[in-house]
Amino acid sequence: MKTLEWNTLFGEGARRIQASTIRELLKLTQRPGVLSFAGGLPAPELFPKEEAAHKAAAILKEKGEVALQYGPTEGYFPLRAWIADWLGVSPEEVLITTGSQQALDLLGKVFLDEESPVLLEAPSYMGAIQAFRAYGPRFLTVPAGEKGPDLDALEEVLKRERPRFLYLIPSFQNPSGGLIPLKARERLLEMIMEGGLVVVEDDAYRELYFGDGRLPSLFELSREAGYPGVVYLSSFSKILSPGLRVAFAVAHLEAILKLTQAKQGVDLHTPVLNQMLVHALVQEDFPERLERIRATYRAKAKAMLEALDREMPEGVRYTRPQGGMFVWMELPQGLSAEALFREAIAQDVAFVPGGPFFAGGGGENTLRLSYATLGPEGIAEGVRRLAKALKGLLALA
Ligand SMILES: Cc1ncc(COP(=O)(O)O)c(CN[C@@H](CCCC(=O)O)C(=O)O)c1O
């Protein structure tokens, strides 16, 4: 049979499409016995399995002709209305997406051309970098830490660049765990309004706060200021189920219209049964569910930090998250997180090396640890193995 050189057959755009490090690593973590700090996979014990089984059966029995039929691209209206009520916006401003990951792709499709400047934090969510990279933009980055992006550095960049949008994760940033304080949010919004810029606010972890309450989103602050330039993303992945792939974008009607048109060409609509199931699940005990989720991740984060404090050698720095799913670690300069990964996986423990979170390169000595999936015993044993691998590497340094 004739063989085809597929690489010669792909289009120019295909050259910009690269694998997701998280997705590739997750395959490695499937091996029995591996303790994984890699994917931000929500705690499976929190999934509403019995409730979902019961409600899905009822939906198919009573509204099967809706659930199994094509649906509107904008989304299942009762779910859009519920989200609108939850966020204090109108249903017309809400677009249901197939995960926030699809919203990120749609935003790249709608806002980015080749060489368009787009601004991200360094580090930032690698799924967003992967989604945007497919459109060939020019990445601008500003350093980000536990209190969010360096606003002085951002101010300098905005003096000479006009990014198509800024992609920010103000609350419990992936991967740095950063939380932008209220005053900094207000200063940031001033800068955005002054420049007439668009911000994509990815609020995937909005409900996973460990303290007494949530800070106002940039979206909420922008609405108070009457500024339409914030596109707000969030998802049911971390508060219900990532496998259902139901998330949403909220924005000015003109942006929502264009994003909806783009979605028509991508998947017509998000699976209707999944949307109806999410809508049914959020009808009951939603606040109590969120409290249970917060308590679960608060306990996991505590177990993680206690283990790190106990096991990690001198010279290793790591964040102390106030929410979300991640601890961000910096190894002593000169040590490679990729080299540590090879040592660690040999000892059946996994994490995500930090390099792919830097759109502009760098971060070779950084790594992301997710405490979301393991229980306290798994976390303690996983950190013990990680420390052993690190001490082995340090001994060679
Ligand atoms: C900031 C941010 N924005 C969007 C997403 C994707 O969420 P969806 O499930 O697509 O709604 C995520 C999910 N990130 C996880 C999940 C990736 C899981 C995977 O690739 O299997 C992670 O970083 O490990 C996120 O952290």
Side-chain angles (χ1 to χ4, degrees), residues 18-30 36-44 46-47 75 79 83 95-108 120-132 144 148-149 166-180 199-208 217-218 231-250 263 266-267 270-271 274-275 278 297 300 321 323-328 350-359 366-374:
Q18 295 168 8
S20 151
T21 305
I22 299 177
R23 304 253 84 197
E24 295 308 309
L25 286 180
L26 287 179
K27 295 173 192 167
L28 285 176
T29 64
Q30 304 312 307
S36 176
F37 295 124
L41 276 57
L46 292 171
F47 294 154
L79 177 60
I83 293 167
L95 169 64
I96 304 296
T97 60
T98 307
S100 296
Q101 195 63 36
Q102 183 183 68
L104 295 170
D105 176 57
L106 296 176
L107 286 159
L120 291 78
E121 298 163 283
S124 184
Y125 173 46
M126 71 164 76
I129 297 170
Q130 184 186 19
F132 301 153
L166 288 75
Y167 171 72
L168 299 172
I169 312 167
S171 298
F172 318 121
Q173 203 249 26
N174 178 357
S176 69
L179 177 66
I180 303 181
V199 169
V200 174
E201 176 175 30
D202 189 337
D203 209 5
Y205 302 96
R206 56 173 276 144
E207 296 302 335
L208 304 192
S217 63
L218 292 177
V231 177
Y232 182 78
L233 306 182
S234 195
S235 171
F236 290 96
S237 286
K238 316 302 179 187
I239 55 175
L240 211 53
S241 152
L244 290 176
R245 309 307 301 128
V246 178
F248 52 90
V250 184
K263 181 174 166 72
V266 172
D267 70 352
T270 294
N274 293 16
Q275 293 183 69
V278 165
Y297 289 120
K300 288 170 180 277
M325 294 185 164
F326 307 110
V327 169
W328 182 244
F351 58 84
V352 186
F357 292 103
F358 290 83
T366 62
L367 54 128
R368 187 191 79 174
L369 299 163
S370 167
Y371 46 78
T373 320
L374 295 174

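Both ligands and their constituent atoms are indexed starting at 1 by order of listing. Not measured: the values here are computed from a predicted model. This chain uses plain numbering: 1 for the first residue, then up along the sequence.
Under a 4.0 Å criterion applied to the non-hydrogen atoms of Ser100, ligand 1 contributes the atoms 4 (C), 7 (O), 8 (P), 10 (O), 11 (O). Near Arg23, meaning under 4.0 Å from any of its heavy atoms, are these atoms of ligand 1: 19 (C), 20 (O), 21 (O). Each of the following atoms of ligand 1 lies closer than 4.0 Å to a heavy atom of Gly39: 24 (O). Atoms of ligand 1 found under 4.0 Å from any heavy atom of Gln101 (numbered from 1 in listed order, with element): 10 (O).
With respect to atom 3 (N) of ligand 1, the closest heavy atom belonging to the protein is Asp202 OD2, 2.7 Å. Looking only at protein heavy atoms, the nearest one to atom 6 (C) of ligand 1 is Tyr125 OH, 3.8 Å.
Contact check for Tyr297 versus Leu46: side-chain heavy atoms found under the 4.5 Å cut-off. Between Leu233 and Thr97, the closest side-chain pair of non-hydrogen atoms is not below 4.5 Å. Side chains of Arg206 and Ile239 form no contact here, defined as non-hydrogen atoms less than 4.5 Å apart.
Gln102 does not count as a contact of ligand 1, since none of its heavy atoms falls under 4.0 Å from the ligand. Met126 does not count as a contact of ligand 1, since none of its heavy atoms falls under 4.0 Å from the ligand.
Take Glu201 and apply the side chain to side chain donor-acceptor pair (under 3.5 Å) test, not counting sequence neighbours, and it matches no residue. Contacts of Thr373 classified as side chain to side chain contact (heavy atoms under 4.5 Å, CB included), with partners at least two apart in sequence or in another chain: Leu41, Pro44.
For ligand 1, the polar-atom distance check against Ser20 finds no nitrogen or oxygen pair separated by under 3.5 Å. In terms of polar-atom proximity, defined here as any N/O pair under 3.5 Å, Gly40 does make such a contact with ligand 1.
For the residue pair Gln101 / Tyr125, a side-chain donor-acceptor distance below 3.5 Å is found, with atom types taken as modelled. Asp267 and Thr98 form a side-chain donor-acceptor contact under 3.5 Å, judged by distance and modelled atom types alone.
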- Query: Can you check ring-ring contact (aromatic ring centres under 6.0 Å, His included) on Phe236 and Phe248, steps first, answer last?
  - Reply: CA-CA 9 Å; Phe236 290 96; Phe248 52 90; 5.7 Å; yes

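The proximity of Pro242 to ligand 1, defined as any non-hydrogen pair under 4.0 Å, does not occur for either the backbone or the side chain. Of all the heavy atoms of Lys238, the ones lying under 4.0 Å from any atom of ligand 1 belong exclusively to the side chain.
For atom 26 (O) of ligand 1, the nearest non-hydrogen atom from the set Tyr167, Tyr205, Phe326 belongs to Tyr205. Comparing heavy-atom distances from atom 22 (C) of ligand 1 across Arg245, Arg368, Met325 singles out Arg368 as nearest.
The aromatic rings of Trp328 and Phe357 sit perpendicular, their planes meeting at an angle over 60°, well past the 30° parallel limit.
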